[in-house]
Protein chains: 4
Amino acid sequence: MPLKKQLSPRKQPTQARSRATVSAILEGAAQVFCREGYAGGTTDKVAKRAGVSVGSLYQYFPNKDALLLALADRHAEEGFAMIHLLLSEFKAEMPRLEVFLRQFVQSLFDLHMREPELHRVLFNEAPLPSEFFEKKEAKEHEFSIGVSRLLAAHPEVSCKDPALAAHMLVQTVEGLVHGYIFFPPRAISPENFITETVFMLHQYLSRSAETLG
Amino acid sequence: MPLKKQLSPRKQPTQARSRATVSAILEGAAQVFCREGYAGGTTDKVAKRAGVSVGSLYQYFPNKDALLLALADRHAEEGFAMIHLLLSEFKAEMPRLEVFLRQFVQSLFDLHMREPELHRVLFNEAPLPSEFFEKKEAKEHEFSIGVSRLLAAHPEVSCKDPALAAHMLVQTVEGLVHGYIFFPPRAISPENFITETVFMLHQYLSRSAETLG
Amino acid sequence: MPLKKQLSPRKQPTQARSRATVSAILEGAAQVFCREGYAGGTTDKVAKRAGVSVGSLYQYFPNKDALLLALADRHAEEGFAMIHLLLSEFKAEMPRLEVFLRQFVQSLFDLHMREPELHRVLFNEAPLPSEFFEKKEAKEHEFSIGVSRLLAAHPEVSCKDPALAAHMLVQTVEGLVHGYIFFPPRAISPENFITETVFMLHQYLSRSAETLG
Amino acid sequence: MPLKKQLSPRKQPTQARSRATVSAILEGAAQVFCREGYAGGTTDKVAKRAGVSVGSLYQYFPNKDALLLALADRHAEEGFAMIHLLLSEFKAEMPRLEVFLRQFVQSLFDLHMREPELHRVLFNEAPLPSEFFEKKEAKEHEFSIGVSRLLAAHPEVSCKDPALAAHMLVQTVEGLVHGYIFFPPRAISPENFITETVFMLHQYLSRSAETLG
DNA sequence: AATGAATGAGTATTCATTCAT
DNA sequence: TATGAATGAATACTCATTCAT
């Protein structure tokens, strides 16, 4: 029963120099963990690749796993930002359902496509703390509420429980995209994959489906 | 660049005693990795819990990761068997689409519910070899073909590309179930989750949806 | 506030082979710490000198400090044994006070003379846990009781509080011997040192002194 | 065989400000080493507690051990000053032997009582250089000469070898006080301890004892 | 003179794996 | 076949010390 390790950054880099150091370290970490996987990615390698001494690394990150967490956080933040952007765009003016879905799926797809291997390491090898997932969950729940409002208000959409629908929407996209990224099926092009996903969700949400519920 | 490690079992246990030893080891491994995660699960602990010496463990498994692989394989085999069963049942007589989907989703759900924590370790921490996933992919592809035949033949189903639809079906269920298992959303009961998943897939596949495609 | 480290031996060596390993390690430790001091005495060096792998060392000793503790314990045990022997000898037949004192001082002196440098490391550099000193204290107290009985019964001795006298006796000898060992004053031969110590204690304890108390 | 490290202070603080810095550092060092022991007392902690940057610390002390040495020196100087005072007092007018002894013992006792834990660290953990002890020895020898003169001249004292007697006197007090400080025996009050020590030494030195030598 | 970010050599420790018994 | 003592390469991490600012 090991006490939970400290994973949060050690000190906030305030001066310009330290900020540079920190981002060099993160960049190095991303590259090293990409190439070498979780186990093979040693802190020494990370420091070396970042052009920084191990000591500096540990000045800002209390241990190896904190590096992974920071990377995962960075990724999550990007995702959140993207969704946030989408949501606020659509709050102003909701486009046709299909357009909305396509944009949503495409954005998440692009996000994951950027560094698929880092992704694999982050989510299939790294022992990310449950706190990370809880935070992610919470954030996703928050977005779900936003999405459910959009769905509830959308003329093309019909569903009994918009909150549930929103949750399914988010989860489905995440699940499918993850699956596609990690093992891209040769037979299905990204375009087809996205189109089909959008189609499925459209069917799920659209009014014409109502009669079947 | 580490040479690819040997991961397949060292010798097939033929005698009754060895078979017992092997399954004791696997059982011990399952328990230990559950409790301690990938990194914390040492071969010593596994052997101890299995009531066996480390030496014996290495007699049957060439290294630590082979244990994880065996566990993952065991899980996958169960899944395959389950799907195989379903498919052969339905080949004889195809029930209503909804019934088919419900059974499919429920079975996968149950399978994952059995040892969720082991699951997490297996698929989020363990460095399973890509071979494992390739094999899994291949098997899934194989099943997809079976499923696509069913879909193509089913009167309630309408889709342009049954193979694609089958693939989406499998991936969607896997993705959603994984998500649900790892972070069960408090607000959604298993029943509702399954029902909604079935609903979504039904909408996706059913003839009445055709007009929208 | 670090949690107190585990210092007790990891497993009792039961088989003959392991017993040999353990004593080789202790012997190596004694030599290495002698030569190199506490900080300079690395576990690697100890293992190497013991002709054993580091892993084996850690099989029996949970960390570096446990090695020092074991060495200190060994030393203390020898001292205890010696005193115990002396006490039981004298319980049978008490010799003249001077003889008793001389023997006592000489024994402790010899004990410390055996490995003076190891001693220095043990008691001037090593962070021995307070438990060690408490145990030592307790043992010494126990002996003090034995000594005080002898004193109380001895015809040549006169003191109001034999327990106190016994304590002073033990402490004085220890203090003087330590001092002599660590910085042997060139001007004073061991013989003279011992004689003088005995003389002081004799004066302190003997009846003829009583009138002055 | 590490080259002997530089341990003497780097520069004599001449200005008022620097003097303040230096004493702040020493004070911080005393506190930190008290709380954390030798190994746990890092230069960073010392600097922080002194309200000074590490850089400044190293401006005045070439390395960690120099801090310890300075602390030990400070302590020793106080002791020397105390003894020196005593000696010059008594050179003017020698009081009764018992008074002299009591004062001597009490002074050393008080000196050690001031920061017992720092003491423990200094003399049981810190790797003080042998030079320190040699210097201490030398100084003590010097005092021994002074003491031996007093003893030789004192009417109550009778001893063949005043130099030896003086040495024993100093060593005994040091040894006993150290022992008492590090592990204060619950059963013996400081007053009793001092009284008994004085008594022992009195017996050792006084004329009436002569007949027994 | 002061600062504190950066350094990196140095070490304790682990744990997968082997092999003599 | 089973055992578990022995192995030792591999690594995370610390902390005394430096030096650019």
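Lettering of chains follows the sequences in order, A, B, ..., and the numbering in each one begins at 1. Atoms considered below: every heavy atom in the structure, side chains included; atoms not considered: hydrogens, waters and symmetry mates. All figures in this text were calculated on a predicted structure; none of them were measured in a lab.
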Worksheet item: Hey, is the main chain of B:G40 close enough, under 3.5 Å, to the side chain of B:K45 for a donor-acceptor pair?
Response: yes
Worksheet item: Atom NZ of B:K48 and atom C1' of F:dA2: how far apart are they, to the nearest Å?
Response: 16 Å
Worksheet item: Given atom CG of A:D44 and atom P of F:dT14, what is their separation to the nearest angstrom?
Response: 13 Å
Item to complete: Mind calculating the distance between CG (A:L67) and P (F:dT11) to the nearest angstrom?
Response: 16 Å
Worksheet item: To the nearest angstrom, how far is D:N63 atom CG from F:dT17 atom P?
Response: 5 Å
Practice prompt. Starting at atom OH of C:Y38, determine the distance to atom C1' of E:dA12, rounded to an integer number of angstrom.
Written response: 10 Å
Fill in: Along DNA chain E (nearest heavy atom to each residue), the more 5'-positioned of A:V52 and D:V52
D:V52
Practice prompt. Evaluate salt bridge (charged side-chain N to carboxylate O under 4.0 Å, His left out) for A:R74 paired with A:E77, printing each intermediate quantity in order.
Written response: CA-CA 5 Å; A:R74 191 173 75 167; A:E77 290 305 335; over 6 Å; no
Worksheet, complete the sentence: Distance col, row C:L57:CG vs C:I25:CD1, nearest 0.5 angstrom, shows 4.5 Å
Worksheet item: Does C:S53 make a side-chain N or O approach to OP1 or OP2 of F:dG8 shorter than 4.0 Å?
Response: no
Worksheet item: How are the rings of C:F132 and C:F123 set to each other: parallel, tilted or perpendicular (split at 30° and 60°)?
Response: tilted
Fill in: Closest to the B:V54 side chain, choosing from F:dG4, F:dA2, F:dT11
F:dG4
Response to the item:
Of the candidates E:dA5, F:dT11, E:dA12, the side chain of A:T42 sits closest to F:dT11
Worksheet item: Given that D:G51 and C:A39 both sit by DNA chain E, which one's nearest nucleotide is further toward the 5' end?
Response: D:G51
Worksheet item: Closer than 4.0 Å, any side-chain N/O of A:Y58 to the OP1 or OP2 of F:dT14?
Response: no
Practice prompt. Take the protein atom NZ of B:K64 and the nucleotide atom C1' of E:dC15, then report the distance between them rounded to whole Å.
Written response: 8 Å
Item to complete: Assign D:S56 to base, sugar-phosphate, or nothing according to its heavy-atom contacts below 4.0 angstrom with the strands shown.
Response: base
Worksheet item: Which heavy atom in B:E125 sits nearest to a heavy atom in A:P127, and how many Å separate them?
Response: OE2-CB, 3.4 Å
Worksheet item: Of A:P62 and D:G55, whose nearest nucleotide on DNA chain F comes first from the 5' end?
Response: A:P62
Practice prompt. Could you tell me the separation between the CZ atom of D:F61 and the P atom of E:dA1, rounded to a whole number of Å?
Written response: 14 Å
Practice prompt. With heavy atoms under 4.0 Å as the rule, sort B:T43 into base, sugar-phosphate or nothing.
Written response: base
Item to complete: Using atom CG of A:D65 as one end and atom C1' of F:dT11 as the other, report the distance to the nearest whole Å.
Response: 13 Å
Worksheet item: Which range-with-range stems can be found for DNA chain E when each stem has 3 or more Watson-Crick or G-U pairs in a row and both distances sit under 3.5 Å?
Response: E:2-21 with F:2-21
Worksheet entry | Ring-face cation contact, A:F33 with A:K64, 6.0 Å cut, 45° max | no
Fill in: Backbone of B:S53 reached by a side-chain donor or acceptor of B:K48 within 3.5 Å
no
Worksheet item: Which nucleotide sits closest to the side chain of D:Q59: F:dT17, E:dT17, E:dA1?
Response: E:dA1
Practice prompt. Can you label the angle between the C:H119 ring and the C:F182 ring as parallel, tilted or perpendicular, going by 30° and 60°?
Written response: tilted
